[in-house]
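Written below as structure tokens is the structure these notes are about.
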Amino acid sequence: MFKEIEEKWQRAWEDAKIFEADPDGRPKFFLTIPYPYLNGNLHAGHTRTFTIGDAFARYMRMKGYNVLFPLGFHVTGTPIIGLAELIEKRDERTIQVYTKFHDVPLQDLLGLTSPERIVEYFAKEALIALKKIGYSIDWRRKFTTMDPAYQKFIEWQYWRLKELGLIERGSHPVRYCPNDQNPVEDHDLLMGEDASIVEFTIIKFRLEGSDLIFPCATLRPETIFGVTNIWLKPAKYVIARVDGEKWIVSKEAFEKLRYMDRNVELIGEVDGREFIGKNVVVPLVERLVPILPAEFVDLDNATGVVMSVPAHAPYDFVALRDLGSKIEPIVIISSGNRDIPAKEIVEELKIKDQNDPELEKATKMLYKREYHTGVMLENTGKFAGMKVSEAKDKVEKELRDLKLGDVFYEFSDKPVVCRCGSKCVVKVVRDQWFLRYSDEQWKSKVLEHLESMTIIPDYYKEEFRNKILWLKDKACARRKGLGTRIPWDKEWLIESLSDSTIYMCYYILAKFVNSGQIKAENITNEFLDYVILGKGSLELAKNSGLSEELIERIRNEFRYWYPVDLRSSGKDLVANHLLFYLFHHVAIFDKELWPRAIAVNGYVSLEGQKMSKSKGPLLTMKKALELYGADVTRLYILHSAEYDSDADWKSKEIEGLAANLERFYNLVREYYLKEPSDITTLDRWLISRFNRAVKEVRDAMDKLQTRRAVNFAFFEIMNLVRWYLRRGGKNLSLILDDWIKLLAPFAPHICEELWHLKHSTFVSLEKYPEFDAAKIDEEAERAEKYLEQLLEDIKEVMKFVENAKIVYIYPAEEWKCKALEIANEKGLSEAMKWLSAQGIDKSEISSFAKRFKNAELIPNERKRIEENIEFLEKELQVKVSLDSSALPIEKKRTAMPGKPAIFVT
RNA sequence: GCGGGGGUUGCCGAGUGGAAAAGGCGCAGGGCUUAAGACCCUGUCCCGAAGGGGUCCGCGGGUUCGAAUCCCGCCCCCCGCACCA
């Protein structure tokens with residue numbers, strides 16, 4: 001184990017401050033990774049993303065860049081508060097998960113009953129782990145998102161967004177527990193985790209000669225043209241005043257409407273049966289249709305009032321059939337059907353009556369088909385000819401514009417039950433603050449910028465494109481949780497994903513905050529406008545109370561470091577954080593400060609199982625380091641999967657790797673200090689092949705392909721070394737300086753230790769090995785390859801000979817080499833002519849012609865074999881001879897240049 | 001459903017027109033060792049008493065002298081679809 005070595009170099013790096021980055025004359029590289037959320041210990045997922053970041057930071061540093069690689073901690077939001085409550089309540093599962101999977105000792109855990117303590121504890125633990133794994137982070141810039149200075153920065157950002165008109169008020173639906181009077185998150189649910197909020201369209205049917213409205217709820221507003229009647233359940237309904245209108249709805253619907261930010265008032269109860277047979281007016285179509293009774297109507301779904309489109313809704317068709325009604329369905333959509341679509345499908349599925357469970361399936365099938373392939377028929381007015389998918393939105397909009405339509409939110413699955421046991425409802429939260437991500441101009445700016453960015457892997461660019469188009473307005477305010485208050489509306493907290501969008505620029509301030517040069521009260525909007533955006537003026541910025549000199553210095557540092565050159569992140573953040581990261585940068589900064597590149601890596605699972613912070617299993621970074629140490633963990637996670645695919649952590653594999661790394665360590669120690677003696681072909685082969693590996697490693701790293709990089713830098717070279725030593729190589733030290741450097745970004749501690757056997761500088765700051773075409777030695781490579789092939793061929797032959805005693809090797813005769821040369825230059829027929837002229841036996845010539853395709857000229861082939869007889873004998877454990885007299889003629893004939901005849905006795 | 005990714009030899013996983021197909025893991029045999037482990041070597045689709053032959057990359061077609069790689073159709077798997085970090 002390398003624990004002592006690791007600690008030693010971590011201390012040395014820290015003492016020498018080699019990762020503290022400040023502006024200088026070198027080109028800069030600003031690399032960030034997402035700050036971790038501290039509701040638990042860092043785990044294998046963090047380990048992966050962060051280690052990729054660190055390996056790249058170290059690589060770029062060794063390539064000569066001034067690398068800034070900082071990290072802070074994220075604590076805003078609700079989970080930390082939730083966790084504190086659970087610990088306070090001594091929730092059994094939480095205690096189990098945190099002691100067992102997060103490796104928190106019980107007595108420590110029980111004390112974490114407030115958000116502050118949780119933050120303090122996990123921040124401390126995280127820092128320990130991050131230092132123990134040897135990340136090259138500039139820790140002078142560490143912060144947490146509840147720091148007063150950071151909060152001032154967030155407030156500034158929100159003022160800027162408001163000034164830009166990108167924040168506005170609105171309302172939106174949330175899952176809500178009436179008992180707790182709070183929005184409910186997934187983990188707060190007993191039932192209904194999969195339920196989503198569905199938006200029904202309400203279409204208002206007015207009772208003939210009355211002001212009573214029957215609000216029919218539907219997911220298919222475009223079918224309004226096919227309405228033949230409406231359905232009521234023969235049961236109790238209520239009359240309610242809703243935003244000034246008199247609505248007939250189910251009792252359940254009335255209760256739900258009360259949460260939908262409407263003005264509702266109960267007027268009285270009424271029996272649905274009273275209305276049966278009366279007529280209502282179909283909006284838009286202005287047709288009178290009757291109210292009919294139906295048992296399938298669910299009073300607890302939407303309004304409890306349903307419109308009937310028997311041609312396109314199997315339920316309606318069957319209900320009419322059950323009633324024995326003579327009403328004719330009106331077909332308004334064509335999707336390749338001959339008859340009435342609902343009739344076709346009902347007959348196909350042999351549906352008996354409206355209580356048949358198959359009806360659900362029929363409905364889905366038909367809806368799907370018509371939505372995707374259906375076209376509106378002539379009887380749908382101006383919508384005729386439109387695709388159903390298009391008409392749906394258009395009809396809905398028209399109804400809404402004419403106040404004939406409305407929305408009703410409902411869960412897709414029921415029931416949805418809160419942990420407290422009450423049924424959840426959909427609540428429409430009003431006066432909510434929204435980020436206007438749907439803004440067309442904003443979007444197109446982001447889209448345009450995306451095209452100029454580097455996205456790794458590249459197919460994620462398409463994914464980003466789609467997600468940008470798809471992004472809608474986002475509610476950015478919360479009532480509950482940790483966070484910064486919206487500066488102009490202190491009732492609301494800024495939601496936690498919305499406060500982590502452009503914080504990378506805060507790292508530049510954080511250094512000054514942590515050193516005490518800036519206090520929170522100095523961070524005024526004018527100050528930030530000036531140092532970050534270069535807007536306003538130095539005079540205004542000086543109102544912050546800071547000196548001109550300091551302000552200018554910060555301004556200059558900001559200009560030096562920004563923009564972010566690479567943000568390396570897990571793929572879980574693509575559809576949220578990384579998107580917001582782009583949007584906010586594009587909105588707030590000038591073009592030259594927009595992010596340059598984003599890299600996205602995959603997940604980590606554990607022995608095939610998905611990790612879960614709240615349920616387990618989980619492998620913490622701390623535990624991994626305890627078990628395997630830093631370098632093994634790093635090398636393993638970098639090698640376990642290529643950046644974009646998911647990795648599976650297998651303890652058996654990592655143990656194997658530990659052994660490999662130890663071998664490397666011992667190998668280097670054994671050879672590093674030996675002075676190289678005479679350089680042989682074999683040495684030139686090693687240097688040549690090593691050089692090729694260097695090229696591969698650099699190429700892989702430039703694309704962040706850490707798996708490929710480690711594969712070459714470690715395993716491939718290890719294999720070269722194996723062959724080299726097997727062949728009796730003595731001068732391994734020829735490549736060791738470079739090999740150590742090559743591996744330094746991946747396993748920095750061991751490399752540092754080994755490097756210091758010979759040098760007094762830090763390998764972490766050395767120049768990364770470069771590919772040198774001059775060191776490629778084709779001839780040496782061919783010579784080794786020849787020997788390898790020869791050995792393999794002999795073994796192949798020996799398989800068929802029991803108790804082999806002597807191996808005779810017979811290289812091709814001189815005339816064959818000459819003939820091959822001619823054949824290569826002038827073609828086979830010239831070679832044949834030449835052979836005849838030499839008076840070579842005819843059967844020999846034809847044998848040559850048959851085989852010449854597989855032949856290759858090896859310079860000094862015989863000598864090559866002679867020199868290596870000893871090696872071959874050692875490998876084969878038999879005598880090897882070049883004596884040609886023992887070979888039968890027909891055997892000799894098979895000898896070709898590069899492929900000698902082999903004869904075993 | 002929409003969008004993105006993917007299906008390769010026991011497993012993981014490279015490989016985008018010409019290699020039974022890198023590397024790792026596992027397994028088997030041998031060497032080293034008092035022994036085990038580690039380490040080193042060999043083998044690991046099938047056949048073969050001479051370095052050879054056959055079969056193979058989700059399924060079915062096609063293009064090509066030649067396909068895991070290109071085209072068409074089909075099947076299957078993973079991820080995201082939000083206000084949650």
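These numbers come from the heavy atoms of this one structure, side chains and all, not from hydrogens, waters or symmetry mates. First the proteins, then the strands, lettered A, B, ... as listed; each starts at 1.
- Residue A/Tyr460 is out of contact with every strand shown, counting any heavy-atom pair closer than 4.0 Å.
- Figure legend. B/G51 is base-paired to no nucleotide; pairs are counted as Watson-Crick or G-U wobble with both atom distances under 3.5 Å.
- Legend: residues meeting side chain to side chain donor-acceptor pair (under 3.5 Å) with A/Arg485, ordered by chain and number and at least two apart, are absent.
- Pairing of B/A14, defined by two Watson-Crick or G-U wobble distances under 3.5 Å, is not identified with any nucleotide.
- Rounded to an integer number of Å, the gap from A/Lys652 NZ to B/G26 C1' is 7 Å.
- Pair check for B/U9 finds none; no Watson-Crick or G-U wobble contact set falls under 3.5 Å.
- Counting to the nearest Å, the C1' atom of B/G4 and the CG atom of A/Asn466 are 8 Å from each other.
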Can you pull every protein N or O that's under 3.5 Å from an N or O on nucleotides 6-15 of chain B?
unit_1: B/G13; atom_1: O2'; unit_2: A/Arg707; atom_2: NH2; d: 3.3

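- Taking the ring centroids of A/His639 and A/Phe715, they lie under the 6.0 Å cut-off.
- In this structure, of B/A82, B/G51, B/C83, it is B/C83 that holds the atom nearest to the side chain of A/Arg478.
- One P atom belongs to B/U16, the other to B/U64, and the distance between them is 24 Å to the nearest Å.
- Between B/G58 and B/A67, the distance separating the two P atoms is 15 Å to the nearest Å.
- Between the side chain of A/Asp793 and the base of B/G51 there is at least one donor-acceptor pair of N/O atoms closer than 3.5 Å.
- For B/C77 and B/U63, the P atoms lie 32 Å apart once the distance is rounded to whole Å.
- Atom CD1 of A/Ile494 and atom P of B/A85 are 14 Å apart (whole Å).
- Looking at heavy-atom distances under 4.0 Å, A/Asn666 makes no contact with the nucleic acid at all.
- Closest contact between the side chain of A/Glu463 and the listed nucleotides B/G3, B/C84, B/A22 involves B/G3.
- Residue A/Thr78 places at least one side-chain N or O under 4.0 Å from the OP1 or OP2 atom of B/A85.
- Remark: C1' of B/A85 and NE2 of A/His74 are 8 Å apart, rounded to the nearest angstrom.
- The residue A/Ala475 sits close to a base: some heavy atom pair falls under 4.0 Å.
- In this structure, A/Arg567 is positioned above the aromatic face of A/Tyr581, its NZ or CZ under 6.0 Å from the six-membered ring centre and within 45° of the axis.
- Aromatic pair A/His584/A/Tyr503: centroids not less than 6.0 angstrom apart.
- One atom, CG of A/Leu497, and another, P of B/C83, lie 11 Å apart when rounded to the nearest Å.
- Separating the C1' atom of B/A14 from that of B/U9 is a span of 13 Å, rounded to the nearest Å.
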Please write out the pairs of protein N or O atoms and N or O atoms of nucleotides 37-41 of chain B separated by less than 3.5 Å, giving the distance to one decimal.
unit_1: B/C39; atom_1: OP1; unit_2: A/Arg663; atom_2: NH2; d: 3.3
unit_1: B/C40; atom_1: OP1; unit_2: A/Arg663; atom_2: NE; d: 3.4
unit_1: B/C40; atom_1: OP1; unit_2: A/Arg663; atom_2: NH1; d: 2.4
unit_1: B/C40; atom_1: OP1; unit_2: A/Arg722; atom_2: NE; d: 3.0
unit_1: B/C40; atom_1: OP1; unit_2: A/Arg722; atom_2: NH2; d: 3.3
unit_1: B/C41; atom_1: O3'; unit_2: A/Arg726; atom_2: NH2; d: 3.4

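- In a base pair of the Watson-Crick type (N1 to N3 plus N6-O4 or O6-N4) or a G-U wobble (N1-O2 and O6-N3), with each distance short of 3.5 Å, B/U33 is matched with no nucleotide.
- Of the candidates B/G51, B/C84, B/G23, the closest approach to any side-chain atom of A/Phe715 belongs to B/G23.
- Here B/G80 presents its C1' atom at 13 Å from NZ of A/Lys472, a figure rounded to the nearest Å.
- A/Glu788 has no carboxylate O lying under 4.0 Å from a charged side-chain N of A/Lys785, or vice versa, which leaves the two without a salt bridge.
- For A/Phe73 and A/Phe122, the distance between ring centers is not under 6.0 angstrom.
- For A/Lys387, the side-chain contact (heavy atoms from CB on, under 4.5 Å) test picks out A/Ser389, A/Glu390, with sequence neighbours left out.
- Looking at heavy-atom distances under 4.0 Å, A/Val574 makes no contact with the nucleic acid at all.
- Closest approach to the A/Asn719 side chain among B/C81, B/G80, B/G24 is made by B/G24 (side chain taken as heavy atoms from C-beta onward).
- Straight-line distance from the CG atom of A/Asp572 to the P atom of B/C84: 17 Å, rounded to whole Å.
- Across the P atoms, B/A68 and B/C56 are found 9 Å apart, a figure rounded to whole Å.
- Of all nucleotides present, none satisfies the Watson-Crick or G-U wobble test against B/A67 with each distance under 3.5 Å.
- One can place NZ of A/Lys480 at 13 Å from C1' of B/C84, the figure rounded to the nearest angstrom.
- Nearest to the side-chain atoms of A/Glu462 among the listed nucleotides B/G4, B/C79, B/C84 stands B/G4.
- Separating the P atom of B/C70 from that of B/C57 is a span of 15 Å, rounded to the nearest Å.
- Cation-pi contact between A/Arg727 and A/Phe871: present, with separation from the ring centre below 6.0 Å and deviation from the ring axis of at most 45°.
- Between A/Pro900 and A/Leu791, the one whose closest nucleotide on RNA chain B sits nearer the 5' end is A/Leu791.
- Under the 6.0 Å distance and 45° angle rule, A/Arg479 counts as a cation-pi partner of A/Trp492.
- Outside the 6.0 Å centre-distance limit, the rings of A/Phe746 and A/Phe714 are not counted as a close aromatic pair.
- Taking the C1' atom of each, B/G53 and B/C59 are spaced 28 Å apart, rounded to whole Å.
- Here A/Tyr636 and A/Trp649 bring their ring centres to under 6.0 angstrom of each other.
- Among the nucleotides B/C79, B/G51, B/A85, the one closest to the side chain of A/Ala901 is B/G51.
- Using a 4.0 Å heavy-atom criterion, one finds that A/Leu573 contacts no nucleic acid atom at all.
- Taking A/Glu655 as the reference, A/Tyr628, A/Ser651 meet the side-chain contact (heavy atoms from CB on, under 4.5 Å) condition, with sequence neighbours excluded.
- Nucleotides B/G13 and B/A22, compared at atom P, are 16 Å apart to the nearest Å.
- Of all nucleotides present, only B/C81 satisfies the Watson-Crick or G-U wobble test against B/G1, with each distance under 3.5 Å.
- Pair check for B/A19 finds none; no Watson-Crick or G-U wobble contact set falls under 3.5 Å.
- In terms of the side chain to side chain donor-acceptor pair (under 3.5 Å) criterion, residue partners of A/Glu696 (sequence neighbours excluded) are, by chain and number, A/Arg708.
- B/U44 and B/G26 make up a base pair, with Watson-Crick or G-U wobble contacts both under 3.5 Å.
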